[in-house]
Amino acid sequence: MNQPASRGVDNPIRVGVLGARGRMGTQVCRAVEDAPDTRLVAAVDAGERMADLTDGGAEVVVDFTHPDVVLDNLRFLLEHGIHAVVGTTGFDQAKLDTVRGWLGEHPELGVLVAPNFALGAVLAMRFAQQAARFYSSAEVIELHHNRKADAPSGTAAHTARVIAQARADAGLAPGADATTSELAGARGARVDDVPVHSVRLPGLVAHEEILFGGEGETLTIRHDSLDRTSFMPGVLVAVRSIPGRPGLTVGLDQMLDL
Ligand SMILES: NC(=O)C1=CN([C@@H]2O[C@H](COP(=O)(O)OP(=O)(O)OC[C@H]3O[C@@H](n4cnc5c(N)ncnc54)[C@H](OP(=O)(O)O)[C@@H]3O)[C@@H](O)[C@H]2O)C=CC1
Ligand SMILES: O=C(O)C1=N[C@H](C(=O)O)C[C@H](O)C1
C-alpha cells in the first residue's frame with residue numbers, strides 16, 4: 001500500500017502567502033523560507049496574480065490581508081484545492097458559517113482561522129476562559145500600532161466571546177456597574193456584553209489586557225507582542241498541521257497540546 005510521503009527537508013510543504021508585502025506577510029515569507037520543512041512557492045500581494053499560487057503548486061496558503069478581502073481569497077483557495085491558514089481578522093459567526101458551508105463542498109481541505117498566533121496570546125485567552133466563571137465582571141483592553149485597520153482587534157473580540165461563553169456556561173450573569181451617564185464610547189464597545197476598549201498609538205505592536213473584578217480583588221492577565229516574530233512559530237505550527245486537519249479549525253489552541 002502507498003504511504004503518504006513524509007514531509008521534511010526532502011519533501012517540504014509548498015506554501016504560498018497572501019498579503020506578502022504587508023507587515024505580517026513579509027515576516028511569514030521569511031519564516032517559511034528559513035524553516036527546513038517548508039518552501040515558499042508564491043508571494044502575492046494586492047492586485048497581483050492569484051494564479052501564482054496554483055502555478056507554484058501551493059498546498060497551503062497563509063493569508064494576512066484585510067478583513068474586506070479575506071473571504072474572496074478563501075473561496076479562491078478552496079476552489080483550487082488549497083488548505084488555508086488565516087490570520088486576517090474580521091471573522092464573526094456569519095463569516096465562519098460561510099467558510100464551513102464552502103468546506104462542505106471540499107471535505108478534504110482544512111482551514112484554520114486564528115485570531116492570534118503568538119503563544120502568549122493563546123495562553124492569555126485560555127487563562128481568561130478559566131478565570132471567567134469566577135468573576136461576573138470582566139473588561140478587555142487591547143493596544144495596537146496606529147496603522148491597524150480594524151477595532152476592536154480580532155483577539156480582543158475573540159477573548160470577549162470566550163469570556164461571555166464561559167460565564168454563561170457557569171450560570172453567571174454579567175456584572176452590572178452604576179454608570180447612568182456616559183459620553184458615547186467611554187465604556188468601550190460591547191462584545192457579547194463584555195466591554196472592549198481599543199488604544200491605537202505609534203510605537204505599539206500588539207498588546208492585550210484582560211481585567212477581572214471581584215470582592216476586594218482584581219485579576220489582570222496581560223500579553224505583549226513586542227515584535228512580529230512572536231507570531232511566526234504559531235504560523236509554522238499551523239502550516240504543518242492544517243493538511244492533516246480537514247474542516248474548519250478556529251484558534252491555534254486547537255493545534256497545541258495545552
Ligand atoms: N492572527 C494573528 O496573529 C495576526 C493577525 N493580524 C491581522 O492580519 C491582517 C494583516 O495585518 P498587517 O500585516 O499588519 O496588515 P498590512 O496592511 O501591513 O498587510 C496587508 C497586506 O495585504 C495586502 N492585500 C490587500 N488585499 C489583498 C488581496 N486581495 N490579496 C493579496 N494581498 C492583499 C495589502 O496590500 P495594500 O496595502 O496595497 O492594500 C498589504 O500589503 C490584519 O487583519 C491583522 O489584524 C496581524 C498580526 C497578527
Ligand atoms: O493588526 C495587528 O497587528 C494584529 N491583529 C490581530 C488582532 O486583531 O487581534 C492579532 C494581533 O493582535 C496583531
Side-chain angles (χ1 to χ4, degrees), residues 16-31 42-53 58 61-77 82 84-92 95 111-125 128 140-162 189 191 196-210 222-239 242 249-256:
V17 177
L18 277 168
R21 245 67 69 190
R23 283 176 289 271
M24 285 297 289
T26 48
Q27 295 277 344
V28 174
C29 289
R30 197 171 305 146
V44 177
D45 207 79
E48 297 178 356
R49 288 180 75 247
M50 293 289 277
D52 283 358
L53 301 168
V61 163
V62 181
D63 186 302
F64 282 98
T65 56
H66 192 282
D68 293 346
V69 302
V70 64
L71 271 192
D72 286 344
N73 290 347
L74 264 176
R75 190 168 50 194
F76 175 93
L77 299 177
I82 302 173
V85 168
V86 181
T88 306
T89 46
F91 278 86
D92 55 14
K95 282 189 180 177
V111 173
L112 169 72
V113 175
N116 204 306
F117 284 96
L119 175 62
V122 173
L123 288 171
M125 286 187 267
V140 178
I141 305 172
E142 55 94 343
L143 310 90
H144 281 82
H145 59 96
N146 61 336
R147 312 303 295 269
K148 183 166 175 55
D150 55 325
S153 72
T155 308
H158 189 73
T159 307
R161 288 187 203 111
V162 162
V191 178
V196 178
H197 311 267
S198 298
V199 177
R200 295 290 176 268
L201 287 173
L204 294 173
V205 179
H207 317 260
E208 183 180 47
E209 271 189 19
I210 306 132
R222 180 170 173 121
H223 174 256
D224 297 277
S225 269
L226 306 172
D227 190 282
R228 290 185 180 80
T229 51
S230 61
F231 303 111
M232 295 307 121
V235 170
L236 289 175
V237 165
V239 165
I242 200 66
T249 302
V250 180
L252 183 67
D253 54 318
Q254 303 299 315
M255 292 179 169
L256 302 175

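Each ligand, and each atom within it, is numbered from 1 in the order the structure gives. The chain is numbered in sequence order, starting from 1. Quick caveat, the model's predicted, so the values are computed rather than measured. In what follows, every heavy atom counts, from backbone to side chain, and hydrogens, waters and symmetry copies are set aside.
Leu252 contributes atom CG, which lies 10.0 Å from atom CG of Leu123 (distance to the nearest 0.5 angstrom). A distance of 4.5 Å separates CD in Glu209 from CZ in Arg222, rounded to the nearest 0.5 Å. Here CG of Leu119 is found 7.5 Å from NE2 of His223. Values are rounded to the nearest 0.5 Å. Between Asp45 atom CG and Phe64 atom CZ the span is 13.5 Å, to the nearest 0.5 Å. Atoms CD and OG, from Gln27 and Ser230 in turn, are 9.0 Å apart once rounded to the nearest 0.5 Å. How far CG of Leu201 is from NE2 of His207: 9.0 Å, rounded to the nearest 0.5 Å.
Side-chain contact check for His197 versus Val140: every heavy-atom pair is 4.5 Å or farther apart. Between Asp150 and His66 the shortest side-chain heavy-atom distance does not fall below 4.5 Å.
Distance from atom 3 (O) of ligand 2 to its nearest protein heavy atom, with residue and atom name: His145 NE2, 3.0 Å. Ranking protein heavy atoms by distance to atom 19 (O) of ligand 1, first place goes to Gly22 CA, 3.3 Å. Given atom 15 (O) of ligand 1, the protein heavy atom at minimum distance is Arg23 NH2, 3.6 Å. For atom 39 (O) of ligand 1, the nearest non-hydrogen atom of the protein is Ala46 CB, 4.1 Å. In terms of protein heavy-atom proximity, atom 12 (O) of ligand 2 is nearest to His144 NE2, 2.6 Å. Remark: minimum distance from atom 10 (C) of ligand 1 to any protein heavy atom is reached at Thr65 O, 3.2 Å. Closest to atom 7 (C) of ligand 1, if we only count protein heavy atoms, is Gly87 O, 3.5 Å. The protein non-hydrogen atom at the shortest distance from atom 3 (O) of ligand 1 is Phe117 N, 2.9 Å. Closest to atom 22 (O) of ligand 1 among all protein heavy atoms lies Gly19 CA, 3.3 Å. The single protein non-hydrogen atom nearest to atom 4 (C) of ligand 1 is Phe64 CE2, 3.5 Å, given as residue, atom name and distance.
At a 3.5 angstrom cut-off on N or O pairs, Phe231 does not count as close to ligand 1. Ligand 2 has no nitrogen or oxygen under 3.5 angstrom from a nitrogen or oxygen of Ala156.
By the criterion of a heavy-atom distance under 4.0 Å, the side chain of Ala206, and not its backbone, is placed next to ligand 2. Of the heavy atoms in Ala149, none comes closer than 4.0 Å to ligand 2. Residue contacts with ligand 1 for Ala121 are absent, since no atom lies close enough (heavy atoms, distance under 4.0 Å). Neither the backbone nor the side chain of Ala206 has a heavy atom within less than 4.0 Å of ligand 1.
Across all their heavy atoms, Ala238 and Met255 have their closest contact at CA-SD, 3.7 Å. Ala84 and Leu77 get closest at one heavy-atom pair: CB-CD1, 3.9 Å. Contact between Glu142 and Ser153 at its shortest, heavy atoms only, is OE2-N, 2.8 Å. Residues Ala43 and Cys29 share a closest heavy-atom pair of CB-SG, 4.1 Å. When all heavy atoms of Val70 and Thr89 are compared, the pair lying nearest together is CG1-O, 4.5 Å. Among all heavy-atom pairs drawn from Met125 and Val162, the shortest one is O-CG1, 4.3 Å.
Which parts of ligand 2 touch Pro115 is read off a 4.0 Å heavy-atom cut-off, strictly below it: atoms 6 (C), 9 (O), 10 (C). Within ligand 2, counting atoms from 1 as listed, the ones closer than 4.0 Å to a heavy atom of Thr89 are 6 (C), 7 (C), 8 (O). Residue Asn116 approaches ligand 1 through these ligand atoms, each under 4.0 Å from one of its heavy atoms: 1 (N), 2 (C), 3 (O). Those atoms of ligand 1 that come under 4.0 Å of a heavy atom in Met24, given as number and element, are 13 (O), 46 (C), 47 (C), 48 (C). Atom numbering of ligand 2 starts at 1 in the shown order; those under 4.0 Å from a heavy atom of Thr155 are 7 (C), 9 (O), 10 (C), 12 (O). Heavy-atom contacts of Asn116 reach the following atoms of ligand 2: 10 (C), 11 (C), 12 (O) (cutoff under 4.0 Å). Short contacts between ligand 2 and Gly154, defined as distances under 4.0 Å to a heavy atom of the residue, involve ligand atoms 7 (C), 8 (O), 9 (O). For ligand 1, the atoms lying closer than 4.0 Å to a non-hydrogen atom of Thr88 are 8 (O), 43 (O). Taking every non-hydrogen atom of Ser153 and a distance limit under 4.0 Å, the qualifying atoms of ligand 2 come out as 7 (C), 8 (O), 9 (O).
Using 4.0 Å as the threshold, Ala114 has a heavy atom nearer than that to some atom of ligand 1. Taking 4.0 Å as the cut-off, Glu48 does not count as a neighbour of ligand 1 on heavy-atom distance.
Within the 4.0 angstrom cut-off, atom 29 (N) of ligand 1 has one or more protein heavy-atom neighbours.
Of the candidates Asp68, Thr26, Asp45, Asp150, Asp45 brings a heavy atom nearest to atom 41 (O) of ligand 1. Checking Arg228, Arg21, Lys148 against atom 45 (O) of ligand 1, the nearest heavy atom belongs to Lys148. In this comparison of Asp63, Val113, Thr89, the heavy atom closest to atom 44 (C) of ligand 1 sits on Thr89. Proximity annotation for atom 1 (O) of ligand 2: of Met24, Lys148, Glu208, Arg23, Lys148 comes nearest, heavy atoms only.
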Derivation of the side-chain contact (heavy atoms from CB on, under 4.5 Å) call for Leu53 and Leu18 | CA-CA 9 Å; Leu53 301 168; Leu18 277 168; 4.2 Å; yes
Trace of the salt bridge (charged side-chain N to carboxylate O under 4.0 Å, His left out) decision for Asp72 with Arg75:
CA-CA 5 Å; Asp72 286 344; Arg75 190 168 50 194; 3.4 Å; yes
#### Entry: Residue pair Val250, His158: steps toward the side-chain contact (heavy atoms from CB on, under 4.5 Å) verdict
CA-CA 10 Å; Val250 180; His158 189 73; 4.2 Å; yes
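A side-chain hydrogen bond (donor to acceptor under 3.5 Å, both in side chains) with Glu208 holds for exactly one of Thr159, Thr155, Asn116; it is Thr159.
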